[in-house]
Number of protein chains: 2
Amino acid sequence: MEISVPLPTLLLKFGSSSFLNWTTVIALTLFFTLLCACIVIGHLLEENRWANESFTALLLGLCSGVVVLLVTKGKNSHILSFSEELFFIYLLPPIIFNAGFQVKKKQFFRNFSIILLFGALGTLISFCIISLGAFLLFKRIGVSSLKLQDYLAVGAILSATDSVCTLQVLNQDETPLLYSLVFGEGVVNDATSIVLFNAVQTLDFSNIDVLIALKLLGTFLYLFFTSTILGITVGLVSAYVIKTLYFGRHSTDREVAIMMLMAYLSYMLAELASLSGILTVFFCGIVMSHYTWHNVTESSRVTTKHAFATISFIAETFIFLYVGMDALDIDKWKASKSSAARSIGISSTLLALVLVGRAAFVFPLANIANLFRSRSVTKIELRQQFIIWWAGLMRGAVTIALSYNEFAGSSSTATADYALMITSTIIVVLFSTLVFGSVTKPLIEALLFRHSHPVNTDASEIHSLEDLRFLFLENGEPNDESNLPPPPKRSNLSLLIRYPTSTVHYFWRKFDDRYMRPVFGGRGFMPYVPSSPTGAEAGTSSN
Amino acid sequence: MEISVPLPTLLLKFGSSSFLNWTTVIALTLFFTLLCACIVIGHLLEENRWANESFTALLLGLCSGVVVLLVTKGKNSHILSFSEELFFIYLLPPIIFNAGFQVKKKQFFRNFSIILLFGALGTLISFCIISLGAFLLFKRIGVSSLKLQDYLAVGAILSATDSVCTLQVLNQDETPLLYSLVFGEGVVNDATSIVLFNAVQTLDFSNIDVLIALKLLGTFLYLFFTSTILGITVGLVSAYVIKTLYFGRHSTDREVAIMMLMAYLSYMLAELASLSGILTVFFCGIVMSHYTWHNVTESSRVTTKHAFATISFIAETFIFLYVGMDALDIDKWKASKSSAARSIGISSTLLALVLVGRAAFVFPLANIANLFRSRSVTKIELRQQFIIWWAGLMRGAVTIALSYNEFAGSSSTATADYALMITSTIIVVLFSTLVFGSVTKPLIEALLFRHSHPVNTDASEIHSLEDLRFLFLENGEPNDESNLPPPPKRSNLSLLIRYPTSTVHYFWRKFDDRYMRPVFGGRGFMPYVPSSPTGAEAGTSSN
């Protein structure tokens, strides 16, 4: 008889939409509760110099992992297992787009050459050192079943720095030079290490030769340029569409929607064309903040600025929560069949290799770059080099995603060693984020702000503006304010060689004002712009 | 030899993150491109009185369905098959939350009793008529294999009106009374029809009796009140947390993030507790716009107002695109094995039943409601009743989701008839949205705005404010401005009976000012509020 059904059962039957998977609902509820907790706790710890949001999220993730482990009596530790698709399709794009959207473009492009040097050549050096080190050291600890390809994969996996944590630890306003160097490197590094990783997975390394190496280089360059061009193109299309149709006349929501959709579309198009979505969406963000953002209504501007930042913020917190919860994946720990000593041995070897691999390119490359910087104020000081080295030591979700991809799915006989590699990667990620990450802020304060004389991070910018005024006395414009004798009019080429950054910047501005802005809008096209997404710096210039 | 690998293949191997599923990338790229196209085309058709965004999205979805059908040579018509989880977890909650967030609260609560009457009793009447009609008529067309339960399910499925399309067709500022009635009914209707549908799926209707019917009623009431209370509680918690911690001091992004997360959390908590997530998230939206929204910084206010609207807008467009693409699901059409005449017969029967079922409760219930409305200006006129009837005829994604749930998964022998039911439902949804939807706007113009004398939609509001001033002469306050003799001081009870809405409103405002606002913030607590999410009406009152 149906009549005897008690009320709670009736409720369960009638009330809930039976279309929803019960586990999904539980997992999502738990995750959203934890995200709220992260934000509140992160806010309360705001004044604390050691903690940051990543730190809180990781710890909270670990704690809930422990709770789940206790509740399920050791059977299960994570609600959702780490999904590469979730990470690469939904979480990473908004973070990188927002970084491009809010980055101080002038700083970024001034240091473009050194960013490329660090991100591409530096990652390659780090990859070689970590692979070689693992190959030489692992056998002594007792890991013997790995193939040559696996060692190379370890190198690629641990060369991927974590740009998300960097964003939280460094402050764009306080240390703009360091921020743009470390973060810019992180974006290029992401692309490089993913290219390296895919190359390692597909190439037959037993008969490698110069031609393959050259082809690899060619592929990297091709990827870099096409991805960048695609990002710029999508950004310009969005600017043109919004300027031509002028949505704001009718609806703020349409403008915001089209900006969000086009940004995401750039990432998807890049993935569809087998390019680097990370690079594409980053440059799309830069172009959108330079052109599109200035074509929309005032309320659209406020909304996009904060909505992009919020979505990125939620995605970042989500990732760390996720990694923290996933770290206690009990099956992996069991499968590694490893003694604690052996686990610690592998993890600390990997950590040491990460430290050495990064030092091996930061200090030499920074000093090489200094050779080309004429004035002493623009040189990268030793303590700045130290911070660049330190701030790039964190490993994050990209590392975990790559590690799972290499070591989890394969039906190899070396299962125990493969599981050991995954758990060791997790330990490296946790340790580097928790320890290195929490030390970074106090370290920067101790190294940079304790000194009474002003730091040279912003000085370079002022000098470059003076350069511009000083160098380009075009069309016979009198230069009465300067007491110096008017310099001889040099050819563009010689200027380019002597003051490369300023010259490129100057010609870019001329080109931008004459050809780009009339077509794509941007600042100067709209009557009045109170603030720009890059914040305080916008008052002077935004390119 | 690896050397002979051509460049494009190398690119495919190295470039793309191999972690992404190829089909997902293609589907997402296509979807985002189509979404952008919908927005641009919708903008260009803005001035067109017949088209609206749902219309464009549905047609564009149909067209791309045709293209996919041609490209795959008739094998496949849709990129993503309709997923109930995607719809109920990710698309529906932001739409309903935004509706609650932007709804004109005063209008909504003034008509609360009639909204409840329409949404609960009306849906039940419509359910009975459609079920009975289908039971009597289908056998004549040749559909014989359906069970009693299936006919009842058809009634529940086609009683679910589409609040999304209604939102686009009616204008909150032009016809506030109609908007609040039709939309409010839609929200309650969603909850009712889902409860009905679940009841149909689980109950044994061969031995139904009065006790079960009473239990069903009890369940509905329980669901309605607990869902509402949960939504209000989550909203109040968000207001209290933001007011107490005052996030804005530090970060706009945190405030926006916590509002977004708490809103979504309310939906998930309701689903977890087997309540109606739709009702919960709707009331959470109302409470958040009344309290939380006033506790945050100015930029958070602009951001949330537009970001919620944008997300809801994208979700709406996505749903219609999805339904349009899904309509050409070739397997379903083949499985129904039905002649065109039989298909059209079933579909037009269902459409006729929808028309009759809605007429059967709108006109009687509106006239019953008119009996309780004392002044003639607050009565619902016949042409308004006609528009209420017409605007609620659209069927949408909820109908399709329920139809798939009932007829797609089951391993019944009546496969052909079941597939026929799905295709007929799709035809009803397409026809009602495209034809009824596009006629609604011109119909409203023709019926309401052609008349020269002012429409009474807003008149009731002014009268109620006068009521308040006139009726409540509390604490012996002199009423010099009025020439009327001071009315005898009546008891609260007699006021409540004579002027129920105004009295409740008055006491609610007193309670709100004295107890709620000091704890949860809200307007009057913050020094200055330029605009409210409800828009123009905010200047006078927001509750």
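Labels below follow one simple rule: chain letters A, B, ... track the order of the sequence lines, proteins then strands, and each chain is numbered from 1. For the numbers below, each heavy atom of this structure counts, side chains included, while hydrogens, waters and symmetry mates do not.
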Trainee: Please walk me through it: do B:L28 and A:Y90 pass side chain to side chain contact (heavy atoms under 4.5 Å, CB included)?
Mentor: CA-CA 11 Å; B:L28 283 174; A:Y90 301 105; 4.1 Å; yes
Trainee: Distance-only, no hydrogens or angles: does the B:H306 side chain make a donor-acceptor pair with backbone N or O of A:S299 under 3.5 Å?
Mentor: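 A pair under 3.5 Å: no.
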Trainee: Only counting residues at least two apart or in another chain, list the ones meeting side chain to side chain donor-acceptor pair (under 3.5 Å) with B:S227.
Mentor: none
Trainee: Roughly how far, to the nearest 0.5 Å, is CD1 of A:I242 from NE2 of B:H43?
Mentor: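 Here the rounded value is 10.5 Å.
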Trainee: Evaluate side chain to side chain contact (heavy atoms under 4.5 Å, CB included) for B:L35 paired with A:L265, printing each intermediate quantity in order.
Mentor: CA-CA 10 Å; B:L35 278 175; A:L265 192 60; over 6 Å; no
Trainee: Which residue in the set A:I311, A:T310, A:N98 passes side chain to side chain contact (heavy atoms under 4.5 Å, CB included) when paired with B:D253?
Mentor: A:T310
Trainee: For A:I314, which atoms come within 4.5 Å of any heavy atom of chain B: side chain, backbone, both, or neither?
Mentor: side chain
Trainee: Just how far is it from atom OG of B:S266 to atom CZ of A:F32, taken to the nearest 0.5 Å?
Mentor: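 Output value for this atom pair is 11.0 Å.
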Trainee: To the closest 0.5 Å, what do you measure between CG (A:L261) and CZ (B:F318)?
Mentor: 10.5 Å
Trainee: Please walk me through it: do A:T33 and B:L269 pass side chain to side chain contact (heavy atoms under 4.5 Å, CB included)?
Mentor: CA-CA 10 Å; A:T33 316; B:L269 281 174; 5.6 Å; no
Trainee: Nearest 0.5 Å please: distance from the OG1 atom of B:T317 over to the CZ atom of A:R254.
Mentor: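 Answer for the OG1-CZ pair, B:T317 versus A:R254, is 9.0 Å.
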Trainee: Please round to the nearest 0.5 Å and tell me the distance separating atom CG of A:L272 and atom CG of B:L30.
Mentor: 10.0 Å
Trainee: Drop me the distance from A:Y264's OH to B:T29's OG1, to the nearest 0.5 angstrom.
Mentor: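 One gets 9.0 Å once the value is rounded to the nearest 0.5 Å.
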